[in-house]
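Heavy atoms only: backbone and side chains are in, while hydrogens, waters and symmetry mates are out. The chains referred to below are lettered A, B, ... by the order of the sequence lines, with proteins before strands, and numbering in each begins at 1.
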Number of protein chains: 2
Amino acid sequence: MTQTRPYHHGNLRQAVLDRAAVVLRERGAAGLSLRELSADVGVSHAAPRRHFADRQALLDAVAADGFARLGTRLREAVDAHPRYADRLRAAATAYLDFGLTEANLVELMFAHQRGAGGAQVRQGATDAFEPLLDVFRHGRQEGVVADGDAERLGLLLVATVQGITNLVACGVVPAAEAGALLDAAVGRFPGAGA
Amino acid sequence: MTQTRPYHHGNLRQAVLDRAAVVLRERGAAGLSLRELSADVGVSHAAPRRHFADRQALLDAVAADGFARLGTRLREAVDAHPRYADRLRAAATAYLDFGLTEANLVELMFAHQRGAGGAQVRQGATDAFEPLLDVFRHGRQEGVVADGDAERLGLLLVATVQGITNLVACGVVPAAEAGALLDAAVGRFPGAGA
DNA sequence: CACGAATGTATTCAGCGCACACATTGTTGT
DNA sequence: ACAACAATGTGTGCGCTGAATACATTCGTG
């Protein structure tokens with residue numbers, strides 16, 4: 001009757017990451033405790049150490065996962081529209097949505113990276129932003145974006161939207177004004193229409 | 001000979017804040033410990049509690065202080081130039097400088113505010129950005145900025161520069177490219193010249 | 001100068017990250 | 001089949017932390 005829990009969890013790493021994502025959303029990165037996560041998942045408090053060298057390694061993994069999810073969202077948003085201007089707006093909106101829904105996650109993703117694990121997180125970030133660069137590469141084909149501007153415009157879009165997300169997330173700009181601010185920002189990019 | 005340390009420190013609150021600013025710069029917000037700060041300053045580990053209700057209250061105070069310093073820097077940068085375009089560039093450059101020099105502090109300042117102390121921090125942020133809004137108000141007098149656009153442009157400038165700072169601080173954009181990216185961003189604001 | 005408010009001290013407690021020795025299970029070569 | 005080894009989970013202990021509480025000292029003020 002009493003189903004004995006097997007000695008080996010089987011998928012402990014992913015289970016911890018999943019639980020960490022939930023706690024992160026509810027209580028922020030400061031509320032993430034390896035011991036509490038262990039208890040939640042039902043293993044001893046030392047078990048996760050087999051999968052995460054230390055607490056920072058767990059945070060890095062959560063952040064990398066976040067960038068992967070953000071990248072997927074951006075890719076979907078871009079692919080949903082054929083024309084440059086629509087792709088630009090859709091990507092920016094998707095970014096803002098993600099940032100407001102997962103404010104704590106984004107805060108962690110963009111936290112100052114110190115250790116060696118930071119390199120992997122940074123690579124994840126670069127990959128995630130690829131769809132945005134594609135928007136401007138596509139815009140160049142449509143003749144709206146000048147040659148060689150694609151990369152710089154991509155970074156500028158990331159910076160602008162991340163900045164807006166940041167301001168709204170920390171409460172300096174009311175959430176109600178986020179959309180209008182984003183529209184104003186996107187509208188200033190070449191070929192976005194007034 | 002042996003100068004007896006007085007029972008009352010005299011300026012404990014400011015001493016803790018000063019020491020916290022140093023530790024924050026060296027080791028980040030996660031490295032801030034009330035107990036260690038107490039030892040550094042030379043008081044018992046419970047003493048700071050008379051001035052900061054809990055750890056978060058200390059972080060809030062450090063953040064508020066950071067916004068005050070940022071505001072001063074921005075004001076100085078703006079006041080140093082008479083013309084709109086120069087003021088815009090100087091302010092943006094001053095912001096980026098501050099952000100790169102005090103990356104850990106800025107990260108703390110823009111951290112998601114939860115508790116009641118967040119309101120004071122948010123007010124400090126709004127005050128600090130006032131010089132930037134003034135730039136565009138001044139631009140309207142010069143006829144470069146349209147009526148009613150000042151506030152929105154100000155927030156957009158904050159968002160853009162904060163976003164760039166964020167990207168550079170977390171290592172996604174190399175520090176060497178920060179200046180060029182900032183130039184490109186500022187150049188897209190009305191009346192900034194090409 | 002007495003008395004309350006402000007400020008600092010000493011002690012205690014629970015939770016945390018981390019390190020280590022040990023236990024159990026999965027895998028692989030012969 | 002089975003021995004040896006790698007991978008994974010457990011239990012214990014240490015030092016540090018934030019927080020709560022009772023107590024001590026000093027300051028300010030009537």
N/O (side chain, B/S33) to phosphate O (OP1/OP2, D/dG18) under 4.0 Å = yes
Look at the side-chain N and O atoms of B/S44 and state whether any lies under 4.0 Å from the OP1 or OP2 oxygen of C/dA10.
-> no
Once the angle between the rings of B/F129 and B/F67 is folded into 0 to 90°, is it parallel (under 30°), tilted (30 to 60°) or perpendicular (over 60°)?
-> perpendicular
Whole-Å distance separating the [atom1] atom of [X] from the [atom2] atom of [N]:
| X | N | atom1 | atom2 | value |
| --- | --- | --- | --- | --- |
| A/R55 | D/dC16 | CZ | C1' | 14 Å |
| B/L37 | D/dG18 | CG | C1' | 13 Å |
| A/F52 | D/dT8 | CZ | P | 12 Å |
| B/L58 | D/dG18 | CG | P | 9 Å |
| B/L59 | D/dG18 | CG | C1' | 12 Å |
| A/R27 | C/dC16 | CZ | C1' | 13 Å |

Assess whether salt bridge (Lys or Arg N to Asp or Glu O under 4.0 Å) is satisfied between B/E142 and B/R137, documenting all intermediate values.
-> CA-CA 9 Å; B/E142 283 193 9; B/R137 294 192 189 106; over 6 Å; no
So what does B/R35 hit on the nucleic acid, given a heavy-atom distance under 4.0 Å: a base, only sugar-phosphate, or nothing?
-> base
Have a look at B/L32 and say if it touches a base, only the backbone sugar-phosphate, or nothing, with a 4.0 Å heavy-atom cut-off.
-> sugar-phosphate
Taking atom CZ of A/R73 as the centre, report whether more than 12 heavy atoms of other residues, nucleotides or ligands fall under 6.0 Å from it.
-> no
Between the base of D/dG18 and the side chain of B/R49, is there any donor-acceptor pair under 3.5 Å?
->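 Per atom types, no contact qualifies.
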Between [options], which nucleotide has the shortest distance from any of its atoms to the side chain of [X]?
| X | options | answer |
| --- | --- | --- |
| B/E36 | D/dT17, D/dG13, C/dT9 | D/dT17 |
| B/H45 | C/dT9, D/dA19, D/dT17 | D/dA19 |
| A/A46 | C/dA19, D/dA19, C/dG17 | C/dA19 |

Between B/P48 and A/D54, just flag the one whose closest nucleotide in DNA chain C comes earlier from the 5' side.
->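 Closer to the 5' end of DNA chain C: B/P48.
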Would you check, one step at a time, whether the test side chain to side chain contact (heavy atoms under 4.5 Å, CB included) holds for A/M109 with A/V121?
-> CA-CA 8 Å; A/M109 285 157 55; A/V121 176; 5.9 Å; no
Side-chain donor-acceptor pair under 3.5 Å between A/Q162 and A/Y95, yes or no?
-> yes
